Amino acid sequence: MSPNDPRAAGTVPWQDRVAYWRRTLRLTRALLALWFVVTFGIAFFARDLDFDFFGWPFSFWVAGQGALLVYLLIVGYYAFAMRRLDRLCQPGEGS
């Protein structure tokens, strides 16, 4: 990257950097809230849900399978959303 390239460090206006950081924090907070609900909320209350799910107790399934699938979806969505946000916030492209 040459020094005249608009994507070089220090050429992005501070307002754009602040907006980018706010969007990143908003996304991170939302996904951490979802993680918290899955990890503590559903796992805590799953023992009250006493029924079989695919032949196993529901609380066992949530702890062993369901939570892992949600974690995988959280990571995948974060990567997708950050890639999209990076493209939107690059100088000279997307906006």
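Bear in mind the structure is a predicted one, so any value in this text is a computation, not a measurement.
- Interatomic distance, Arg26 CZ to Thr28 OG1, rounded to the nearest 0.5 Å: 11.0 Å.
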Please walk me through it: do Arg23 and Cys89 pass side chain to side chain contact (heavy atoms under 4.5 Å, CB included)?
-> CA-CA 10 Å; Arg23 287 180 177 179; Cys89 293; 4.2 Å; yes
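- Follow the hydrophobic side-chain contacts under 4.5 Å out from Val70 and you never reach Leu72; the two are in separate clusters.
- The cluster map of Ile, Leu, Val, Met, Phe, Trp and Tyr, joined by side-chain heavy atoms under 4.5 Å apart, puts Met82 and Ile74 in the same cluster.
- Transitive grouping of hydrophobic side chains (ILVMFWY, heavy atoms separated by less than 4.5 Å) keeps Leu73 and Leu34 in distinct clusters.
- Using a 4.5 Å cut-off between side-chain heavy atoms of Ile, Leu, Val, Met, Phe, Trp and Tyr, with links allowed through other members, Trp21 and Leu85 fall into different hydrophobic clusters.
- In the hydrophobic cluster analysis, where Ile, Leu, Val, Met, Phe, Trp and Tyr join through side-chain heavy atoms closer than 4.5 angstrom, Leu68 is grouped together with Tyr77.
- Phe54 CZ: 12 or fewer foreign heavy atoms inside a 6.0 Å radius.
- Atom OH in Tyr78 sits 9.5 Å away from atom CG in Leu32 (nearest 0.5 Å).
- Just one residue in the list Leu25, Thr24, Leu31 forms a side-chain contact (heavy atoms from CB on, under 4.5 Å) with Leu27, and that residue is Leu31.
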Should Tyr20 and Leu88 be marked as a side chain to side chain contact (heavy atoms under 4.5 Å, CB included) after you check the CA-CA gap, both sets of side-chain angles, and the distance that decides it?
-> CA-CA 9 Å; Tyr20 175 83; Leu88 285 174; over 6 Å; no
